[in-house]
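In this text the structure is predicted, and so the values were computed from the model without any measurement.
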Amino acid sequence: MIGSVWTRWPSREALSRERNFRPRRLLAWAVRVLVLAVLLWSAFAHRTVGIWGALAAAAGVLVVGFAAWAFFRTTYAHRLVPSLALAGLLLAVALAAQATGFRVPALVIFCGCGIIALERLPLAAAGPVTAASLAAYAVFNTDAWLTTAVTVAGMALGGYVLRLDAEARGNAQRLHAQERAALAAEAESAALTERARIAREIHDVLAHSLSAQLVHLEAARLLIENGADRERILERVVAARGMARDGLAETRQALSALRGELTPLEDFLTELVSAADGAEVTVTGERRHLPAEASQAVRRVAQEALTNVRKHAYGAKVDVRLDYSEHEVTLNVRDSGGRPGELDGSGGGYGLLGMRERAELLGGSLDAGPDEEGFVVTLKVPV
């Protein structure tokens, strides 16, 4: 762990300036402009500088500017050797400036190298560069030794604080990116869940409607094959047409439910059993508003149970009971038993299985089986 601390680069998010706040970017550019102004003023305000000296000073400023820009690029790319070479070039230019009498530019370059090396290089590489830069500053600076020592310590501390600040910003950017990715994944998951719910609703509506139509159409086919009279055949065709019309109505209702426009559950059950002879609805408990998925589950189970009664217990008396309790709603559909329809074995037999899966997804349960007289379907959904 210690080795990784000394050899680890600052993250690219920490070294990047692209996502800095506007005041921070303005401050960074102001510092750069100020340093460049100091270098230019110190170079051209020198009393003994001539034409050739001015040209050399201008070339030195250009070299320093290019080397600093390249140093920022190579450290961002985590390229150690080029970064150290550029730091060495800056120190060499500073030594040349000191040797030719440009003391202030040399001291500025020494200070800058010490700070930015500590901010942007791995600590194992930044230590020697910062030590060499600040040692050169201490040697060539003419202030009192105590002032020089305090200045050197302050610059070292400042460089390390800049490094910690950059790392903190980099960590914040990474956390922000992770949060955005998590929100995007959550939104995608919610979209997939909603698509699955829509597909389940449409499937249940179509399975119920088409299964009922299939019963009547297949009955009509058998009647035709057996030479039955026209009235009986017409009765089955009309019944299939009614089922198709009911299927369209149920589809519209399912789409309305998906938009949050559900009719009251009690009204739906009353309308549902009105089309079945010998069916009654009883509601007990304190009525309450149910979540959309729980309400849809009750509606679909009621439809499937009544369809099964028409298929397997034709003419049976049906009792539909809806009970609201404190923590759940219970639907009980009980028939008294009756003769099977013409096509007792029609359909795939997956209706109640699908309803059971729907109930389990909601944390509820569905039980279906014979009792003393007929067949009972019981759905329990937590609310």
Side-chain angles (χ1 to χ4, degrees), residues 201-256 263 265-282 296 298-322 331-356 366 368-379:
E201 294 295 341
I202 300 303
H203 169 269
D204 291 344
V205 170
L206 293 179
H208 164 74
S209 175
L210 294 178
S211 176
Q213 293 177 54
L214 178 62
V215 171
H216 292 289
L217 291 176
E218 193 67 15
R221 183 185 67 82
L222 291 178
L223 290 173
I224 293 174
E225 290 180 353
N226 295 330
D229 57 39
R230 180 178 178 277
E231 293 298 328
R232 294 184 61 190
I233 297 173
L234 182 60
E235 177 185 352
R236 288 299 180 178
V237 173
V238 171
R241 186 185 65 176
M243 289 296 174
R245 185 173 57 249
D246 293 342
L248 288 175
E250 291 171 10
T251 302
R252 294 190 188 97
Q253 186 177 38
L255 293 176
S256 298
T263 58
L265 181 57
E266 299 80 9
D267 296 345
F268 172 82
L269 293 177
T270 301
E271 183 179 352
L272 182 66
V273 301
S274 64
D277 295 333
E280 296 180 354
V281 176
T282 304
Q296 283 296 91
V298 174
R299 295 163 194 258
R300 294 292 168 254
V301 169
Q303 287 177 325
E304 183 65 31
L306 290 178
T307 298
N308 286 339
V309 170
R310 287 194 294 267
K311 288 169 59 176
H312 308 302
Y314 187 76
K317 181 180 179 181
V318 183
D319 178 35
V320 179
R321 184 176 296 272
L322 182 67
L331 174 71
N332 187 276
V333 181
R334 181 188 303 270
D335 67 69
S336 61
R339 62 181 178 83
E342 288 89 343
L343 293 175
D344 177 47
S346 66
Y350 296 109
L352 290 177
L353 176 61
M355 294 300 102
R356 181 174 289 110
L366 185 141
D371 68 348
E372 297 178 356
E373 296 181 353
F375 198 82
V376 180
V377 177
T378 302
L379 169 71

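In this structure Glu235 satisfies the side-chain hydrogen bond (donor to acceptor under 3.5 Å, both in side chains) test with no other residue, sequence neighbours excluded. For the salt bridge (Lys or Arg N to Asp or Glu O under 4.0 Å) test, no residue two or more places apart in sequence or in another chain qualifies with Arg241.
Here Arg230 contributes atom CZ and Ile224 contributes atom CD1; the two are 11.5 Å apart, rounded to the nearest 0.5 Å. From Arg232, atom CZ reaches atom CG of Leu222 across 10.5 Å, with rounding to the nearest 0.5 Å. To the nearest 0.5 Å, atoms CZ (Arg236) and CD (Glu218) are separated by 11.5 Å. Note that CD of Glu280 and OG1 of Thr270 are 11.5 Å apart. Values are rounded to the nearest 0.5 Å. Taking OG1 of Thr282 as the reference point, atom CD of Glu266 lies at 12.0 Å (rounded to 0.5 Å).
Closest non-hydrogen pair, Ala228 versus Ile233, comes out as O-CD1, 3.7 Å. Here the closest heavy-atom approach between residue Arg356 and residue Leu366 is recorded as NE-O, 3.2 Å. Minimum interatomic distance between Leu331 and Ala302 (heavy atoms only, all atoms of both residues): CD2-N, 3.7 Å. In terms of heavy-atom proximity, Leu306 sits nearest to Val318 at CD2-CG1, 3.7 Å.
Contact annotation: the side chain of Leu322 never approaches that of Val281 to less than 4.5 Å [non-hydrogen atoms, C-beta and beyond].
Judged purely by atom type and a 3.5 angstrom limit, Asp319 has no side-chain atom pairing as donor or acceptor with the backbone of Arg334.
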